2 protein chains.
Amino acid sequence: MELRHLVHAKSLADEGSFRVAAAKLGLTQPALTKSIQALEAEVGVRLFDRSRKGIAPTAAGAALLRRATGLLDGMADLQAELRAIRGGRLGKVRAGLGPVPAKLVLAPSMERFVRDGMGIEISTEIGSASDLALKVARGELDFLIASLAEDLPIEGIETTLVGTMPLALLARHDHPVLAEGLPGAEALDRFPILGGRIPVTSHRRIAAGGYRPLLACDDYDVIGRVALNSDALVVATPALTRMGWPYSELAPLPLPASWPDDRRVAQLYLATREGKTMSPAAAEVVAEFRRQLDVALI
Amino acid sequence: MELRHLVHAKSLADEGSFRVAAAKLGLTQPALTKSIQALEAEVGVRLFDRSRKGIAPTAAGAALLRRATGLLDGMADLQAELRAIRGGRLGKVRAGLGPVPAKLVLAPSMERFVRDGMGIEISTEIGSASDLALKVARGELDFLIASLAEDLPIEGIETTLVGTMPLALLARHDHPVLAEGLPGAEALDRFPILGGRIPVTSHRRIAAGGYRPLLACDDYDVIGRVALNSDALVVATPALTRMGWPYSELAPLPLPASWPDDRRVAQLYLATREGKTMSPAAAEVVAEFRRQLDVALI
DNA sequence: GGACATTACGCTCTCCGTAATGATA
DNA sequence: TATCATTACGGAGAGCGTAATGTCC
């Protein structure tokens with residue numbers, strides 16, 4: 001017994017005529033006759049009484065039709081659900097974001113998801129890239145967008161480059177360094193430098209260049225507030241200054257010429273679990289995040 | 001999307017391996033691969049992540065499997081119900097019985113249905129053949145077993161002969177007619193005759209023969225009790241005397257030679273609604289009634 | 001190299017359409 | 001005779017099996 005048979009039987013019962021039912025099903029009359037005959041032969045019971053006055057289900061036919069309706073509705077529901085899942089309109093997404101990408105994309109993306117009222121449940125976790133990368137590898141997060149150091153390969157994740165952030169030094173508008181012109185290595189040496197927690201090797205490289213991040217912190221709100229109320233400089237992408245207070249109160253300064261070449265930009269990666277197909281909902285969220293990222297990084 | 005796809009997906013998820021699932025399904029590995037691929041292509045979503053460690057459903061796959069289980073169970077239920085209906089083990093049957101057939105078959109048949117504990121709901125209606133035949137024609141009864149006069153054709157029913165009852169005169173054991181030897185026409189004239197309500201034309205024939213049913217009644221218990229406590233004779237089949245009190249107290253006498261030929265036996269007919277397929281449950285009840293009828297009429 | 005899954009290819013069986021044949025008012 | 005259902009027959013496609021090809025340990 002196939003679903004087709006149920007559809008045919010239901011249509012026949014609804015229309016009360018082989019001819020009409022066949023037409024509505026897009027079949028010819030003989031095809032419907034044979035389909036019903038085959039069904040009756042399979043179940044071994046006559047399902048419809050034929051007469052010139054019309055077609056009427058027998059007791060067995062009525063029993064079949066009662067259940068068929070529910071089954072066909074169930075199939076329709078299943079297909080609708082799969083269509084929604086395919087379209088990324090349904091599902092649960094657990095997203096990981098590094099602190100900077102979170103500041104760049106989270107608010108506008110969330111506004112959009114809320115506004116469009118889609119069926120996606122999103123839970124975001126903001127944290128250090130290495131912590132979250134481990135969660136991705138363990139399947140606790142569907143994906144992660146963060147500044148992953150190339151030299152920190154993590155078992156069980158796949159990465160894709162999704163953006164390159166230029167870096168700059170951010171200083172409060174009335175910072176003394178602005179009055180002194182472009183910051184040379186000496187000037188920088190006089191002020192504390194704030195930034196996110198970065199991989200140990202990068203730390204070493206920067207230290208080798210004579211720069212010392214005084215405050216390494218994953219909370220860029222904290223970093224920004226400190227920069228506003230002190231002489232500290234922030235190493236970050238200038239895009240942050242367009243993302244509202246407190247960074248709107250900071251001005252970007254070019255990095256000094258002596259700044260290490262491989263720290264003049266930060267690479268943003270999308271990390272996913274190896275061998276795991278991303279759900280369409282997750283893909284939809286990733287796409288939205290990347291859109292907002294492109295906007296933020298113009 | 002066909003049920004086969006759901007079965008395949010479920011088996012694959014359960015077994016966690018194409019090879020094992022295919023074997024359990026009685027398929028070859030390539031066939032299962034293609035089936036799953038076709039399903040994924042149709043819904044447009046990857047349903048299973050393949051890796052050497054095994055097969056794991058994606059979010060979409062899990063959603064499909066959740067619903068698939070219910071749908072497949074529903075199909076199994078439907079098929080079981082149809083099997084039960086086909087086997088006559090399930091259904092509602094509304095049976096009509098003439099008064100005599102009712103006395104002959106009802107008690108032993110009901111005992112059997114109750115004893116075997118089948119799923120058939122039987123409701124019986126005992127009454128005059130013509131009343132019940134109308135109900136059959138209107139679809140209010142599934143069938144009727146009664147002594148239908150051939151000359152009383154009713155629109156919309158089909159009849160089948162299911163038995164021939166010899167008729168006799170039944171008299172109480174100490175009835176005066178027994179002392180007088182075989183009842184001649186004259187002897188009969190001296191005693192009232194009781195019988196069921198019979199068609200008008202038969203009435204006329206009997207009257208033409210000089211016989212007059214004094215009490216025409218559809219309740220054979222009443223008739224039997226009257227015969228026990230009076231000099232009345234009952235026109236009925238001798239089989240009744242084997243069906244317990246009060247008929248066990250009556251003795252059969254041969255009909256007199258002058259009794260009309262076409263009233264020496266009564267024909268029992270099965271009447272069903274024209275053009276309506278009898279449900280297997282009804283057919284089962286009919287079969288049981290006919291078995292008991294054969295036993296009663298030896 | 002061995003244990004898997006996937007692709008390639010050919011066969012068969014099912015299902016549908018067209019045409020012919022009832023059946024009934 | 002007209003309308004509807006059923007039977008007869010032929011063709012296209014779906015699904016399976018066998019065999020060949022990847023692919024990862």
Side-chain angles (χ1 to χ4, degrees), chain A residues 1-43 45-58 61 72 75 155-158 273-277, chain B residues 1-58 61 68 72 75 155-158 273-277:
Chain A
M1 190 176 345
E2 295 299 323
L3 290 169
R4 174 172 32 81
H5 292 129
L6 301 185
V7 174
H8 291 179
K10 195 161 147 50
S11 181
L12 177 58
D14 290 343
E15 305 301 337
S17 149
F18 276 81
R19 197 179 54 84
V20 179
K24 293 223 174 184
L25 288 166
L27 293 180
T28 58
Q29 218 172 60
L32 182 58
T33 290
K34 291 221 307 181
S35 175
I36 298 293
Q37 282 176 341
L39 178 58
E40 288 178 327
E42 183 180 349
V43 302
V45 191
R46 195 161 188 78
L47 298 171
F48 293 95
D49 280 322
R50 287 85 154 163
S51 81
R52 35 232 133 279
K53 296 166 190 168
I55 305 295
T58 63
L72 292 175
M75 277 304 285
E155 196 70 20
I157 67 172
E158 292 170 344
R273 190 180 190 187
E274 198 172 43
K276 179 153 183 262
T277 303
Chain B
M1 189 176 346
E2 295 300 324
L3 290 170
R4 175 172 30 81
H5 291 129
L6 300 184
V7 174
H8 291 180
K10 194 159 148 50
S11 180
L12 177 57
D14 290 343
E15 305 301 337
S17 149
F18 276 81
R19 196 179 54 84
V20 178
K24 294 223 173 186
L25 288 166
L27 293 180
T28 58
Q29 217 172 63
L32 182 58
T33 291
K34 290 222 307 183
S35 175
I36 299 293
Q37 282 176 340
L39 177 57
E40 289 179 327
E42 183 180 348
V43 301
V45 191
R46 194 159 186 80
L47 297 171
F48 293 94
D49 280 322
R50 287 86 155 162
S51 81
R52 34 231 133 279
K53 295 164 193 170
I55 306 296
T58 62
L72 292 175
M75 278 303 285
E155 196 70 21
I157 67 173
E158 292 170 343
R273 188 178 190 187
E274 197 172 44
K276 180 153 181 261
T277 302

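This structure is a prediction, so every number in the text was calculated from the model and none was measured. All values below were derived from every heavy atom in this structure, side-chain atoms included, with hydrogens, water molecules and symmetry-related copies excluded.
Between the P atom of D/dC4 and the CG atom of A/Leu12 lies a distance of 14 Å, rounded to the nearest Å. Protein atom CD of B/Gln29 is 13 Å distant from nucleotide atom C1' of D/dG22, rounded to whole Å. For A/Glu2 and D/dG15, the CD to P distance is 10 Å, given to the nearest whole Å. For the pair B/Asp49 CG and C/dC4 P, the interatomic distance rounds to 19 Å; values are reported in whole Å. Nucleotide D/dC24 holds its P atom 16 Å from the CZ atom of B/Phe18, rounded to whole Å. Between the CG atom of A/Leu25 and the P atom of D/dA5 there is a distance of 13 Å, rounded to whole Å. In this entry the distance linking CG of B/Leu3 with C1' of C/dT14 reads 16 Å, nearest Å. For the pair A/Ile36 CD1 and D/dT7 P, the interatomic distance rounds to 14 Å; values are reported in whole Å.
Put simply, the side chain of B/Ile55 does not reach to within 4.5 Å of the side chain of B/Glu15, judged on heavy atoms. Counting heavy atoms from C-beta outward, B/Lys10 and B/Leu72 have side chains that approach closer than 4.5 Å. A/Asp14 has its side chain out of reach of A/Lys24: every pair of non-hydrogen atoms, C-beta onward, lies at least 4.5 Å apart.
At a threshold of 4.0 angstrom between heavy atoms, the contacts of B/Ser17 are confined to the sugar-phosphate backbone, with no base atom among them. Using a 4.0 Å heavy-atom criterion, one finds that A/Gly26 contacts the sugar-phosphate atoms exclusively. Within 4.0 Å of B/Ser51, counting heavy atoms only, lies no atom of the nucleic acid at all.
Taking only side-chain atoms of A/His8, from C-beta outward, the nucleotide of C/dC16, C/dG17, D/dT7 with the closest atom is C/dC16.
Using modelled atom types, one finds a donor on one side chain and an acceptor on the other under 3.5 Å when comparing A/Asp49 with B/Thr277.
Under 4.0 angstrom from either OP1 or OP2 of C/dC15 there lies at least one side-chain N or O belonging to A/Arg4. When the side-chain nitrogen and oxygen atoms of B/Arg19 are compared with OP1 and OP2 of C/dC4, one or more of them lie within a distance under 4.0 Å. Taking only side-chain nitrogens and oxygens, A/Thr33 comes nearer than 4.0 Å to OP1 or OP2 of D/dT6. Between D/dC4 and A/Arg50, no contact under 4.0 Å exists linking OP1 or OP2 to a side-chain N or O.
In terms of heavy atoms, B/Ser35 sits closest to B/Arg4 at OG-NH1, 4.5 Å.
Judged by closest nucleotide on DNA chain C, B/Lys34 is the one of A/His5 and B/Lys34 placed further toward the 5' end.
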